[in-house]
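Just so it is clear: chains get the letters A, B, ... in the order the sequence lines come, proteins before strands, and each one is counted from 1. Only a predicted model underlies this, so the values are computations on that prediction, with no experimental measurement involved. Note: hydrogens, waters and symmetry copies are ignored here, and every other heavy atom, side chains too, is used.
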Amino acid sequence: MRIINVIMVSQVLQNPAELPISARLAKNVRRHIMERVIEFILMLAALSAVATTISIVVILLYESFSFFEHVSLWDFLTDTEWTPLFENAHYGILPLVSGTLTTSAIALAVAIPLGTIGAIYLSEFASHRTREIIKPILELLVGVPTVVFGYFALLFVTPLLQKIFPELPGFNMLGPGIVMGIMIIPYISSMAEDAMRAVPMSMREGSYAMGATRFQTALRVVTPAAISGIIAAYILGISRAVGETMVVALAAGQQPNLTFNPMESAATITAYIVQVAMGDLPHGSIGYQSIFAAGLVLMLMTLTFNVIGHITRKRFREVY
Amino acid sequence: MVTTTSPVKAESRNLSFYYSSGHKALKGITMPLYEKRITALIGPSGCGKSTFLRCFNRMHDLYPGNKYDGQIVMYPDNTNILDNGVDPIEVRMRISMVFQKPNPFPKSIYENVAYGLRVRGERNKRVVDDKVEEALKGAALWDEVKDRLHDLAFNLSGGQQQRLCIARALATDPEIMLFDEPTSALDPIATANIEELMSELRNKLTILVVTHNMQQAARVSDYTAYMYLGELIEYDDTDKIFTNPSRKETEDYITGKFG
Amino acid sequence: MVTTTSPVKAESRNLSFYYSSGHKALKGITMPLYEKRITALIGPSGCGKSTFLRCFNRMHDLYPGNKYDGQIVMYPDNTNILDNGVDPIEVRMRISMVFQKPNPFPKSIYENVAYGLRVRGERNKRVVDDKVEEALKGAALWDEVKDRLHDLAFNLSGGQQQRLCIARALATDPEIMLFDEPTSALDPIATANIEELMSELRNKLTILVVTHNMQQAARVSDYTAYMYLGELIEYDDTDKIFTNPSRKETEDYITGKFG
Amino acid sequence: APAKNDIIRIDGSSTVYPITEAVAEEFQKAKRIKVTVGISGTGGGFKKFCRGETDISEASRPILAKEMEACKAAGIEFIELPVAYDALTVVVNPKNTFVKHFTVEELKKLWEPEAQGKIKTWKQVNPSWPDTPVKLFGAGSDSGTFDYFTEAIVGKAKSSRGDFTASEDDNVLVQGVASDIAATGYFGFAYYEENSKRVKAVPIVAKPGAPAVLPSRETVMNGTYQPLSRPLFIYISANAAKSNPNVKAFIDFYLANAKELVEEVKYIALPEHEYAAVMEHWKAMKVGTGFGGEPEVGVKITDLLKRIK
Amino acid sequence: MTTQASVLENLAEVRAMIRKHKRNDYIFSIIGLVALMIGLLTLLTLFVDLVVDGYPRFTLDFLTSYPSRRAASAGLLSAWVGSLLVMLVTFFSAVPLGVAAGIYLEEYAPKNWFSDLIEINVTNLAGVPSIVYGLLALGLFVYGLNLGESILTAGLTLGLLILPIVIVTTRESIRGIPVSIREAAYAVGATKWQVVFHHVLHYSSGGILTGIIIGMARALGETAPIITIGALTFIAFLPPSPVSDVAPFINFEWLQSGFTVLPIQMFNWLSRPDHAFHINAAATGALIIVVTLLMNGTAIWLRYRIRKNIKW
Ligand SMILES: Nc1ncnc2c1ncn2[C@@H]1O[C@H](COP(=O)(O)OP(=O)(O)OP(=O)(O)O)[C@@H](O)[C@H]1O
Ligand SMILES: Nc1ncnc2c1ncn2[C@@H]1O[C@H](COP(=O)(O)OP(=O)(O)OP(=O)(O)O)[C@@H](O)[C@H]1O
Ligand SMILES: [Mg+2]
Ligand SMILES: [Mg+2]
Ligand SMILES: O=P([O-])([O-])[O-]
C-alpha cells in the first residue's frame, strides 16, 4: 500500500497535470520525508550549541574531578598560595582570583564611567549624524585582536605609567587593567546606549517640559529609567573583563600573588592557563588538571555574571 | 448580478476554527462558493472574515496549535481539503490567495510571477515565459511592465504591486482565488483597477473576497455573506443582502447603525 | 461660563509651523489666551491642535529641523517667546504642560512633584516639602498619597498618575498650563476628577487644553477654538461655538456630520 | 598525531631553540626537507619525545631518570649530543647598586623551597643589603634551565620556591627584571647578551673565598664560571636516526655547521676538538646518556662522551 | 496678580540660573565626546605606534619569506598561509552549522523548553571566555579525538568560538523578514524548505554575511585558544597544498599539518631577546589590525547598506 503511494507520488512530481485532481491532493510522501529530513538536519545543527556547552562542562568537570582527588576543595578555596608546579606545591586559587578581580576592577573603573558618559552623550547629546559616525567607529574598536592590546599595555601604557609612578614594576595590574578598560568601553557604551534609547520619548518630554536642561534630563530621568539596562551592560562588561586573557597574560606578570594592589604584578586565572599551556604539560598530570580546575572557576564566574546580566536585561526589556 | 445558476465549487460544512490560544474564531459555518462567481465576506472587524478565508488554503497550518473542525469540500472531486490526508501544499496549488497589503518578493517582476511554477519544479523556460506573460496579461499588468520584467518588483507602485500579486496567484491556474481586503492599502484609482480585474477574473475562476468596504462588496460580488462574532449571520445574493436582508443584524450593519 | 472680561495672558500672532519634513502644520494662527480662563482647542485628528499647543512651550525645539514663523507674545512682559533670543528652557519654566498619556518619572511620588524645583536648583528641604504638599493639594491628590509619598509613582492608578503630572506641573507656579488631551487615556471617573480639577485651577492660572471630546470642551472651557487642516476656523466663547457657531464648518464638526 | 617521515619534528628547550632554529633554517634552504621546531621547555620536549611525537628533543640539561624510564617504556632509545655551552646568568636591574656579587649561599637562601613566603626582602638575604622587597623572575618548572639552576644552587633538581614569576618565555624574565628595581632573575647567556643594556649580570662566587666571576665566553671555556656553566644538548631518537635518512642528514648538517651558527646566535661554541668528538660519537650512533639521570654540575664534554660506551 | 515688574525680576533670576545650567550641558558634551574619543585615540595611538615601529618591514618580502633567525630576512609566509588555512576550516565548520542552527531556531523550533534550552545555550556560549574554548580544544580535539596540534584542531576550535556570533546574527537578520513574505510564498504552494531556501535565506544573506565577516575577523585575531592547543613553533614551510594536479585534485592532508598563525607569529617574535624582532612583531600587529579592521569595516558598511536599502 505504502509502496504504491510512493510510486504515485513520484508520478505526481513528474506530471501533475495528467493526474486526476483528487489524487493531486494526497500527501506527497517523498516531499514530506524530505522536509522532515531537512528539519532534522537543521535541528542537529542547532544542537551543536548544546553539544558545545555540554562538552565544555564535561571536560572541565572531568579534569577538575581528577584534580580534586589530589587537592581538597577546602585547600583550593582557602590556601593563599598557588604554586602547583613546584616542589612546595600549594593549590589555593585565591591569588588567581584576586588577580582576576583586581584587573577586572581596574578595567571597570575605567570602562564604567567612560562607557556611561559615552552612552549618555550618544543617546542624549549627540546629533543623529554624530551618532551615525561614532557608533561604527566604536564597533571597530571591538574588532582589534587582544594580543595587540596586550603588547600595547606592556610596551606603551606601562612605560607611560612609570613616568608617573617611578616605583611601578614593568609587570603590574594597573596598565593591563586600564587597557582592558578601554577595550570594553565600546561594549558598555553601546549596550547602555541601547537601554537609554529604549526609554520612551514621553519621559524625556515630561522632563524638558519642566524646564530641565539636557544634562538634567539625562541624569535625573533617562539614566534612572534605563538603570537596569545600564547595570546589565556593566555586568556583561565584568564578565568580559574576567574572561580576557592575552592582555593580562602579557602585561600583568605571571606570578600568582594574593594582592589587590594594582601596582603589583599578579597572575589572573586566564593568564595562568595560557602560561601553563605554553609549556607542555603531560595529559593526566596534576599541572594539566590544574588548568581545568582554574578554567572551571573562570567559567563559573563568567557564567554567573552572564546569567545575572541577561536576567537584568530581560527584566528591563519587559518594563517598556 | 447573478445571471444563471452555477455549480458549487466548494463548500464549508459546519466549519469551526480554534486558534492556538484556544479562541474559537469560527462557529460552525456552512456556506457554498459557486463556480465562477464572486462571493464577498463582510462584517465588523474581528468577526472572523480573514480566519474563514484562510481556512480555504490551510494558511492556519503554518502556525502550530491551530485547529479546524468540520469540512471544506471541493468539487468536482469531492475532497475535504481539511482532511489530514490532504497535503496543504497541494491545496495551496489549487487555491491561491491575494493579501491585504501587496507582498511581492524582493525579486524581479518576472521571478515573482514565475515563482509558483518554480515551486512546482517547472524548468522549461518557454513554458515559464508563456505562463508569466499570460498571468501578467490576466492581471492587466502586462502592458505596464513588459519592458522591464527584470526590474525589482519593489519599484512598482502599490496598485501595480497588488496586481503583480494577483498575477503571481494566477500563474498556476488556480481553481479558486482568495482575496483578503485586497484594496484596503490602495488609493481609489488602484482600487477601481483591481475591482475591474476581479470582475474579469470571474470568467475564469471562483473568487472569495473579504472586504471592509460595503460599497465594494455591493459592486463586485454575486453573493455576500455577513459574519458576526465568528458566526455566519446571513448569506444570500448580493442584491438581496444590500436591498432586503432577512436578518435585523445584517440590516443594522448595512445601514451603518453598527460596526 | 465667562463671567467678566479678563486681560490677555498670551497671544499667537500669525503663527505658522513647519515640521522638519517640510510639512506646514499650522497656517497663520492668531488667537488670544485670556488670563485665568480655559481655552479649548478642538478639531479633527491631525488638524494641528497638538502642534499648536506645543508651540507654547517650544517643545518642537527638541527635534531638529522644525521651524516656527510668527510670534507668541506673553503678557504682561510682552515677550515673544518664539524669539531666537529667548531660551526655550525659560519658556518652559513659565508655561508647563500635561501630556496625553500620564508620564510620571520612574521616581517616588514626592520626587516627581519636586522635580521642577530640583531642576531649578532648590535645595532647601522645607521649601520643597511645602511646595510638594501645596502642589499635591492643588492637584487634589494629597489625601490619597500623603502616607506614601515615597512610593514609586508607577504604582498609582492612571487617573492618579495624571493628577500627579498635574501636581508636578503646578509645583513650579507656572503662569500658563497646557493640557494635551489630558483625559483621553483615562476612565470616566478619573476624567471627571481631572475636569473638576481644571475648573479649580482656573482661579490660579491660564489654561490651554486640547481635547477630542467635544462635551469636555463644552463642559470645562470658557473659550473654544476650532481648527481644521492647520487653520483656525473659528474662535469664540464656548457657549457661542456650541450653540451658534458662525461658520458652517464648525457647525458640521460640532454636530458630528464630519470628523 | 602520528609522526610523519617527511617532516622532522623537533621540540624542547627554549634555550637551545635559537641554535636549532638557525640550523633548521639553513638546512631547509639547502635540502628542502621540512623541519618544525617547537618551544615547550626541556621537560615538555622530553615528554613529547618519549611519547614518540618528535624525532629530536632539545635540552638545556641532561635527560632525567624519570624521562629515561618513560622513553624506555615507549621503546625509544636516544643519542645524546652536546652542541654548545651556556652560562646561566643571574641578573639584577641596572639601577640596583648594592648587589656587587652573589655567593651560591645567598642564591640558595633566596631560591630554596624554604624561602617560599618568607624571604621577601634583600636584607633577609644579606644583612648589608637594604630592607626593600625583592622580586624574583625565573625559568618555568618545565624548563631545563630551572632544573639546572635548582640543581646547581639548591642542590636538588626542581627544588625551588614557587612564589616567583615563572616563565618558559625568557623575554618575560628580561622584561620583568629590566623594568623593576627590586628584581633579580636568571636565564641563558644569549638572552643576557642581547639585553646587556637593560639588565645587569651579577658575578658569582662559587665557593667561600673564591673570586667573583662574571659570565663570559672566556670564563665558561676556562671553567671558572661555576657552578652555572652548562652544556646544551640535542637528543635524537635512535630509531629515527637509523631509519629516517632525513633526520640523519639533518644531524650531519647540524654538527657540521654548529660552531658557526652557535656563535651567530650568541651562544658559546664548543672548542673544535670537542665538536670532533661529538661528531665521532654521532657517527658511531652510541645510544644512552653520560649522566646518571640527574643534572650534574661542571662536567667536561670529552669526559662525558667517554662515559657512553 | 502678576505685575510686569515682578515678572521681569523673576525672569532675570531665571535667566541667570539657566545660563548656569546650560554651562553644565556644554561641559558635559565635551566630556562625553572626550570619553568616546579615548577609545578611538587609543586605537589610533596603538596603530601609529605599530606602524612607526614596523615601518621598515612593510615590504613584499615580508609576506613572501619564511621565519628566520635573522630578523631582517624573516617573514610571514607560513603565518599568513596558516591563518588562511585555519580560517578555511573555521569557515566551513562555523558557517553551515551556525546558519543552519539560526534557521532552525527562527523557522522550525517549536516554542517549548527545548528551544528555550538551545536559546539559553547560545546566549551563554557567546559569553564564554575564549580561553575556555582553548581548554575545550585541548581536552576534546587534541586528546579526546586525537587530532593533535593541527590546522584542523585550530580551525574547529575557532569555529566553535564564533558559532554563537554566526547563530545570533543569522537569527537577527531572519527576524527582519516580514511574515507577509513567508505567507506569500506558502500561498503559492511552496514547502517550508522552499520558503527557507528561496526566501528567508536569500533575503537575510546580507545580514548573515556581516555576522560571518565579524566572526571571521574575531577568529583571525584570537590568540589564547590557539596557544592553549600548542602552536608556537618554528615553521618554515607550507602545509601540503589543498589542491593537487593529480586526481582527485583535492587532498586533506593539510588538515593534519602543524601550523602557525599571524597572532602567534607576532607573539613569538615579541618573545625574542633581539629588538630587531620586535620590529617584525610591530609590522605583524599593524597587518593584523589592518586586516581585521578592513573585515569589520566591510561588515559595518554592509549592514549600513542593507538597513538603508531594504525597507519591507
Ligand atoms: N493568531 C491569532 N491567535 C488568536 N486569536 C486570533 C488570532 N488572529 C486573530 N484572532 C482573533 O480571531 C478573531 C477573528 O479574527 P479575524 O482576523 O479573522 O477578524 P477579521 O474579521 O478578519 O477582522 P479584520 O476585519 O479586522 O481583519 C478576532 O477576535 C481575533 O482577535
Ligand atoms: N513629527 C512630525 N513630523 C511631520 N509631521 C508631523 C509630525 N507630527 C505631526 N505631524 C503632522 O502634522 C499635522 C498635525 O498634527 P497634530 O499632531 O498637531 O494633530 P492633532 O490635531 O493633535 O491630531 P490628534 O488629535 O490626532 O492628536 C498632522 O498632519 C501630522 O501628520
Ligand atoms: Mg481580516
Ligand atoms: Mg494631538
Ligand atoms: O627552555 P629551557 O632551556 O629552560 O628548558
- Please round to the nearest 0.5 Å and tell me the distance separating atom CD of E:Gln194 and atom CD1 of A:Ile38. 9.0 Å
- State, yes or no, whether a side-chain contact exists between E:Tyr133 and A:Thr52 at a heavy-atom distance under 4.5 Å. yes
- Query: Side chains of E:Leu46 and A:Tyr151: closer than 4.5 Å at any heavy-atom pair?
  - Reply: no
- Should A:Val242 and E:Pro129 count as side-chain neighbours, where that means a heavy-atom distance under 4.5 Å? no
- Task: Drop me the distance from A:Tyr272's OH to E:Ile131's CD1, to the nearest 0.5 angstrom.
- Result: 12.0 Å
- Query: Heavy-atom distance under 4.5 Å to chain A: side chain of E:Tyr26, backbone, both or neither?
  - Reply: neither
- Message: With rounding to the nearest 0.5 angstrom, report the CD1 to CD1 distance, E:Ile38 to A:Ile182.
- Response: 6.5 Å
- Most contact-rich option vs chain A, by heavy-atom pairs under 4.5 angstrom, among E:Lys192, E:Arg218, E:Glu222, is E:Lys192
- Could you tell me how the ring of A:Phe125 sits relative to the ring of E:Phe28: parallel (under 30°), tilted (30 to 60°) or perpendicular (over 60°)? tilted
- Message: Looking at A:Glu35 and E:Thr191, would you say the former's side chain and the latter's main chain have a donor-acceptor pair under 3.5 Å?
- Response: no
- Working for side-chain contact (heavy atoms from CB on, under 4.5 Å), residues A:Thr213 and E:Asn24: CA-CA 9 Å; A:Thr213 60; E:Asn24 289 343; 6.0 Å; no
- Item | Side chain / backbone / both / neither for E:Ile118 at chain A, heavy atoms under 4.5 Å | both
- Query: Quick one: what part of E:Leu140 sits under 4.5 Å from any heavy atom of chain A, side chain, backbone, both or neither?
  - Reply: both
- Task: May I ask you to name which of E:Leu50, E:Thr45, E:Val34, E:Val196 has the most heavy-atom pairs under 4.5 Å with chain A?
- Result: E:Thr45
- Task: Can you tell which part of E:Thr292 gets under 4.5 Å to a heavy atom of chain A, answering side chain, backbone, both or neither?
- Result: side chain
- Kindly indicate, with the supporting measurements, whether the criterion side-chain contact (heavy atoms from CB on, under 4.5 Å) is fulfilled by A:Val307 and E:Asn124. CA-CA 8 Å; A:Val307 169; E:Asn124 276 331; 4.2 Å; yes
- Note on the structure: Rounded to the nearest 0.5 Å, the CG atom of E:Leu97 sits from the OG atom of A:Ser48 at a distance of 3.5 Å
- Note on the structure: Heavy atoms of A:Ile59 and E:Gly139 approach each other most closely as CD1-C, 3.8 Å
- Task: Please tell me if the side chains of A:Ile291 and E:Leu138 come closer than 4.5 Å, counting only heavy atoms from C-beta onward.
- Result: yes
- Item | Minimum heavy-atom distance A:Pro145-E:Ile288, with the two atoms named | CG-CG2, 3.2 Å
- Scanning both residues in full, the closest heavy-atom pair of E:Ile167 with A:Ala49 reads CD1-CB, 4.4 Å
- Query: What's the spacing between A:Leu122 CG and E:Leu33 CG if we round to 0.5 Å?
  - Reply: 9.0 Å
- Query: Which atoms of A:Leu138 come close to chain E, meaning under 4.5 Å heavy atom to heavy atom: side chain ones, backbone ones, both, or neither?
  - Reply: side chain
- Under 4.5 Å to a heavy atom of chain E? For A:Ser55 that would be both
- Measure distances from E:Asp25 to the heavy atoms of chain A and classify the residue's part below 4.5 Å as side chain, backbone, both or neither. both
- Query: Of the backbone (N, CA, C, O) and the side chain (C-beta and beyond), which part of A:Glu132 lies under 4.5 Å from a heavy atom of chain E, both, or neither?
  - Reply: side chain
- Among A:Val50, A:Val179, A:Val157, the residue with the most heavy-atom pairs under 4.5 Å to chain E is A:Val50
- Task: Decide yes or no for E:Phe267 and A:Met246: does some side-chain heavy atom of the first lie under 4.5 Å from some side-chain heavy atom of the second?
- Result: yes
- With a 4.5 angstrom heavy-atom cut-off, could you sort out which part of A:Leu250 is near chain E: side chain, backbone, both or neither? side chain
- Query: side-chain contact (heavy atoms from CB on, under 4.5 Å) between E:Tyr104 and A:Leu44: does it pass, once the steps are laid out?
  - Reply: CA-CA 9 Å; E:Tyr104 180 79; A:Leu44 285 187; over 6 Å; no
- So how far is it from E:Trp193 CH2 to A:Ile41 CD1, rounded to the nearest 0.5 Å? 8.5 Å
- Given the rule in the side-chain contact (heavy atoms from CB on, under 4.5 Å) test, do E:Val128 and A:Thr302 qualify, once you have shown the distances and angles that lead to the verdict? CA-CA 7 Å; E:Val128 170; A:Thr302 52; 5.9 Å; no
- Task: Output the option from A:Gln216, A:Lys135, A:Met299 having the highest count of non-hydrogen pairs under 4.5 Å with chain E.
- Result: A:Gln216
- Message: Is E:Phe114 close to chain A through its backbone or its side chain, or both, or neither, when contacts mean heavy atoms under 4.5 Å?
- Response: side chain
- Query: Who passes side-chain hydrogen bond (donor to acceptor under 3.5 Å, both in side chains) against A:Asn306, sequence neighbours left out?
  - Reply: A:Ser239
- Looking at E:Ile120, E:Leu105, E:Ile103, E:Thr123, which one has more heavy-atom pairs under 4.5 Å with chain A than the rest? E:Thr123
- Heavy-atom distance under 4.5 Å between the side chains of A:Tyr121 and E:Ile31, does that happen here? no
- Item | Atom group of E:Leu163 that falls short of 4.5 Å from chain A, counting heavy atoms | side chain
- Message: A side-chain contact here means heavy atoms from C-beta on lying under 4.5 Å apart; do A:Ile134 and E:Leu40 qualify?
- Response: no
- Which residue out of A:Ile269, A:Val147, A:Thr116, A:Leu155 racks up the most heavy-atom pairs below 4.5 Å with chain E? A:Val147
- Below 4.5 Å from any heavy atom of chain A, which atoms of E:Leu125 appear? Answer side chain, backbone, both or neither. side chain
- Between E:Ala100 and A:Ala45, what is the shortest heavy-atom contact and its length? CB-CB, 3.4 Å
- Task: With a 4.5 angstrom heavy-atom cut-off, could you sort out which part of E:Leu135 is near chain A: side chain, backbone, both or neither?
- Result: both
